[in-house]
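Every chain is numbered from 1 and lettered A, B, ... according to where its sequence line falls, protein lines coming before strand lines.
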2 protein chains.
Amino acid sequence: MRASRGEGVSVPAQHTRDGGTPRRHQTAARSARPTGHDVADAAGVSQATVSLVLGGKWEGRVSPRTAEAVRAAARTLGYRPNLAARTLRLGRTRTALLVVPALTGEFFAAVHQGAVEVATSHDFGIVLYPSPEGIEKTPDPFASARTALDGVIASSMAPDALATLRGEGLPLVMLDSDEGDCDATVNVDIADGMRQVAAHLLALGHRDVAHLAADVDSWTFTARAEALAHALRAGGGAVVRTERAALSVAGGLDAATRVLAPGSARTPTAVVCDDDLLAAGALKAARRLGLRVPEEVSVTGFDDLTLATAVEPELTTVALPAQRVGAAGMEALLAVVEGRPPRPVRLPVRLLERGSTGPRP
Amino acid sequence: MRASRGEGVSVPAQHTRDGGTPRRHQTAARSARPTGHDVADAAGVSQATVSLVLGGKWEGRVSPRTAEAVRAAARTLGYRPNLAARTLRLGRTRTALLVVPALTGEFFAAVHQGAVEVATSHDFGIVLYPSPEGIEKTPDPFASARTALDGVIASSMAPDALATLRGEGLPLVMLDSDEGDCDATVNVDIADGMRQVAAHLLALGHRDVAHLAADVDSWTFTARAEALAHALRAGGGAVVRTERAALSVAGGLDAATRVLAPGSARTPTAVVCDDDLLAAGALKAARRLGLRVPEEVSVTGFDDLTLATAVEPELTTVALPAQRVGAAGMEALLAVVEGRPPRPVRLPVRLLERGSTGPRP
DNA sequence: CTGAAAGCGCTAACAA
DNA sequence: TTGTTAGCGCTTTCAG
């Protein structure tokens with residue numbers, strides 16, 4: 001444990017023009033962060049000049065010499081502008097709210113990462129609103145934000161929280177959603193991903209496939225189901241069975257066990273899963289039923305999580321550009337905020353053929 | 001796409017006492033968020049009274065009737081206080097910075113979750129600083145914070161970024177670290193976890209174990225190595241080989257392949273991994289080398305990630321209370337901020353015996 | 001019991 | 001080229 005704080009933070013000598021007078025209204029000896037005023041005093045200029053110089057809009061209004069003096073003073077004092085004051089003055093915060101279903105789950109962690117990267121490079125901040133679990137505890141997304149917001153980036157997986165977000169008149173970017181009531185959209189070409197899965201399976205001779213559908217009510221999953229059914233039908237195959245599954249390994253295991261258990265008339269030769277978690281469960285189910293993958297049954301995943309290459313056999317799955325989703329979302333929001341017209345983004349996906357799929361037995 | 005924003009957000013009729021006079025200095029017809037002043041006007045009281053009532057410190061200073069009137073007005077106007085103004089006035093933000101090595105990875109996602117939960121229940125906010133990747137892009141953690149901070153919660157895995165954090169005189173809580181230079185610590189009983197692993201393995205008859213050590217320079221991993229070596233030695237076994245591995249499935253695969261490849265004098269009968277990712281890799285290595293797990297070689301993980309039960313056989317591993325780490329961290333920070341003495345926290349861990357370990361062959 | 005007023009640190013219009 | 005000034009919305013004495 002270190003000693004009490006506040007002590008020992010040496011405040012540079014006061015360069016006040018009027019001598020050693022301490023800062024106005026300074027009540028105690030508490031060391032405080034230097035303000036623009038302190039910098040002004042140190043540089044021998046007015047506080048407004050400091051604001052201009054440090055705000056980068058001094059060209060033609062302040063002499064280069066004074067500007068440099070100000071910057072030097074700011075540097076030696078360790079000056080950092082007070083964001084709260086700036087925000088209060090400007091009414092804008094350069095902060096966006098990212099609404100996602102908890103960070104647990106690589107996908108949204110990567111989305112966050114992508115959004116943060118472009119945000120910081122544009123001097124923006126991101127605050128997170130983990131929607132689903134926390135929603136009872138934080139009914140108001142804005143309360144959790146702890147600051148006014150300049151915009152919202154929301155994933156489709158939080159339809160409940162979105163109602164609150166609307167009507168605030170804030171710029172709203174939707175990720176992975178068919179929602180039209182927003183200022184911009186960033187989509188992943190989910191349908192194409194499922195088409196690639198279907199094509200891959202059809203090419204391997206499969207005609208009877210089971211679909212493990214994630215038991216989550218969001219656009220992305222309904223889109224997956226539709227695209228799969230459509231692509232299969234067009235290719236002469238069919239979904240012989242759709243089984244809903246909780247979005248977890250255990251959920252996949254249960255559902256796949258039901259699907260693969262002997263007894264049905266038409267048993268599937270391939271199991272298409274909405275998510276790698278489900279696919280991992282399907283692998284376990286197959287193993288427990290004595291079915292070899294891919295020799296006796298093929299399994300596909302979706303998302304290309306770390307899991308996908310951790311299991312054996314490694315999953316044939318669809319890789320989603322999660323990070324780029326976040327980046328594109330933030331870029332779209334910046335465009336809206338700055339009055340530029342954002343064009344809708346649709347990001348491509350890629351099927352990764354690995355060991356969990358093979359020719360129809 | 002929806003229509004332009006700002007329109008249609010009906011501002012409730014002005015209840016100004018002096019008639020229809022618009023708000024002072026209102027330049028245009030822009031609809032704005034109602035301020036405390038607006039509420040005051042609507043309730044027929046002064047703005048100061050509004051502040052008192054809504055701040056919950058009105059008892060004995062404002063009559064219950066006026067208080068209720070104020071609350072009613074605030075409600076109908078949809079008033080939400082301006083955080084920036086409050087912050088500027090108070091100098092405190094009720095916001096903490098959480099420094100973690102990117103959110104990718106369930107462990108820190110759960111830590112974040114836990115911290116957010118206790119934070120929000122105490123009207124605190126959390127902002128994230130993903131240290132390792134982002135560090136080149138955001139050299140200054142405080143810049144990324146976009147607001148003044150009331151405190152910092154930092155994980156041991158970001159020793160580089162911590163230098164910057166120190167000396168700010170901010171309350172600092174360290175997670176999972178032996179760092180003494182802070183105001184409070186929250187630790188997971190890593191050593192005990194490794195002791196449990198060692199005891200489990202020794203009980204199964206293993207005497208020669210290999211250690212796949214994560215190639216990450218942080219306290220938690222050195223602690224794991226030490227605890228393992230110590231516990232094994234005390235029980236009559238030994239680490240016959242330590243192999244450093246990149247912290248990924250592929251890294252575990254590589255390292256385990258080197259460790260398990262035939263040819264060594266004393267070949268390990270068990271592989272203890274610093275992390276479930278490595279253990280998953282070890283499983284793959286064993287399979288490729290034709291070694292059956294757990295019949296011919298035992299494998300243990302650490303962390304109990306989702307992965308642990310997705311692979312086959314399921315991993316014997318140590319479950320860490322990630323969420324409680326975050327929660328305890330935030331609680332400790334609250335204590336420090338409020339001047340209460342935080343007591344160091346050491347959270348227990350639990351060995352989960354699953355299918356990847358068995359008797360020595 | 002309630003109102004008036006100061007001022008947190010900053011930006012931007014306006015003066016000099 | 002630089003300084004003065006008026007607030008942004010809120011909390012908090014201090015008067016009434």
Side-chain angles (χ1 to χ4, degrees), chain A residues 17 23-28 30 32-70 73-74 77-94 146-148, chain B residues 17-18 23-28 30 32-70 73-74 77 79-94 146-148:
Chain A
R17 283 187 296 176
R23 303 230 328 281
R24 55 222 160 107
H25 295 272
Q26 182 124 3
T27 42
R30 284 232 326 107
R33 251 173 60 174
T35 73
H37 230 106
D38 298 329
V39 176
D41 288 351
V45 298
S46 86
Q47 188 267 338
T49 306
V50 172
S51 186
L52 284 182
V53 171
L54 269 31
K57 41 192 67 166
W58 57 278
E59 310 254 28
R61 325 229 258 135
V62 176
S63 72
R65 283 232 335 281
T66 4
E68 187 43 49
V70 167
L77 289 184
Y79 170 73
R80 268 180 302 107
N82 181 320
L83 255 306
R86 190 211 293 282
T87 295
L88 180 56
R89 181 64 238 256
L90 296 183
R92 288 166 300 103
T93 54
R94 300 194 76 75
R146 307 212 52 71
T147 174
Chain B
R17 282 186 298 174
D18 47 345
R23 304 227 326 279
R24 53 217 162 114
H25 295 273
Q26 180 123 7
T27 41
R30 284 230 330 108
R33 250 173 63 173
T35 75
H37 230 104
D38 298 330
V39 176
D41 289 350
V45 298
S46 86
Q47 188 266 339
T49 306
V50 172
S51 185
L52 251 18
V53 172
L54 268 31
K57 37 192 69 166
W58 58 278
E59 310 254 26
R61 321 227 261 139
V62 175
S63 74
R65 282 232 336 280
T66 12
E68 186 44 49
V70 167
L77 289 185
Y79 171 72
R80 266 178 305 109
N82 181 321
L83 255 306
R86 187 211 295 280
T87 295
L88 180 56
R89 181 66 237 258
L90 296 183
R92 288 166 299 102
T93 53
R94 300 194 77 75
R146 306 212 53 71
T147 174

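- Dashed line: the shortest gap from a side-chain N or O of B:S63 to OP1 or OP2 of C:dT2 is under 4.0 Å.
- Proximity note for A:A48 (side chain, C-beta onward) versus D:dG3, D:dG9, D:dC10: the nearest is D:dG3.
- Phosphate proximity of C:dT2 to B:T66: present, with a side-chain N or O under 4.0 Å from OP1 or OP2.
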Derivation of the side-chain contact (heavy atoms from CB on, under 4.5 Å) call for A:N82 and A:T35: CA-CA 8 Å; A:N82 181 320; A:T35 73; over 6 Å; no
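- When every heavy atom of A:R86 is checked against every heavy atom of A:P81, the shortest pair comes out as NH2-CG, 3.7 Å.
- The distance from atom CG of A:D38 to atom P of C:dG9 is 8 Å, rounded to the nearest whole Å.
- Position along DNA chain D of the nearest nucleotide to B:T49 versus B:A85 favours B:A85 as the more 5'-ward residue.
- With sequence neighbours left out, the side chain to side chain contact (heavy atoms under 4.5 Å, CB included) criterion links B:A48 to B:S46.
- Rounded to a whole Å, the CG atom of A:L88 is 9 Å from the C1' atom of D:dG7.
- Regarding contacts with the backbone of C:dC10, every side-chain N or O of A:S51 stays at 4.0 angstrom or more from both OP1 and OP2.
- DNA chain D lies under 4.0 Å from at least one heavy atom of each of the following residues of residues 54-62 of chain B: B:K57.
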Show me the side-chain donor-acceptor pairs of residues 51-63 of chain B shorter than 3.5 Å, one per line, residues at least two apart or across chains.
unit_1 : atom_1 : unit_2 : atom_2 : d
B:S63  : OG     : B:T66  : N      : 3.3
B:S63  : OG     : B:T66  : OG1    : 2.3

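- The NE2 atom of A:H37 sits 12 Å away from the P atom of D:dT5 (whole-angstrom rounding).
- What separates CG of B:L90 from C1' of C:dG7 is a distance of 13 Å, to the nearest Å.
- In this structure, the CZ atom of B:R80 is 19 Å from the P atom of D:dC8, given to the nearest Å.
- For A:Q47, counting side-chain heavy atoms from C-beta on, the closest listed nucleotide (C:dC8, C:dC10, D:dC10) is C:dC10.
- At the heavy-atom level, B:L52 lies under 4.0 Å from base atoms of the strands shown.
- Looking at every heavy atom in both residues, B:T87 comes nearest to A:A84 through CG2-CB, 3.6 Å.
- Considering only side-chain atoms of A:N82, the nucleotide from C:dC10, D:dT5, D:dG9 that sits closest is C:dC10.
- Among the atoms of the strands shown, only primed sugar atoms or phosphate atoms (P, OP1, OP2) are found under 4.0 Å from some heavy atom of B:G36.
- Taking side-chain N and O atoms only, A:S46 has a distance below 4.0 Å to OP1 or OP2 of D:dG3.
- Across A:P34 and A:G78, no two heavy atoms sit closer than the pair CG-O, 4.0 Å.
- Here D:dC10 presents its P atom at 16 Å from CZ of B:R92, a figure rounded to the nearest Å.
- In this structure, B:D41 contributes its side chain and B:D38 its backbone to no donor-acceptor pair below 3.5 Å.
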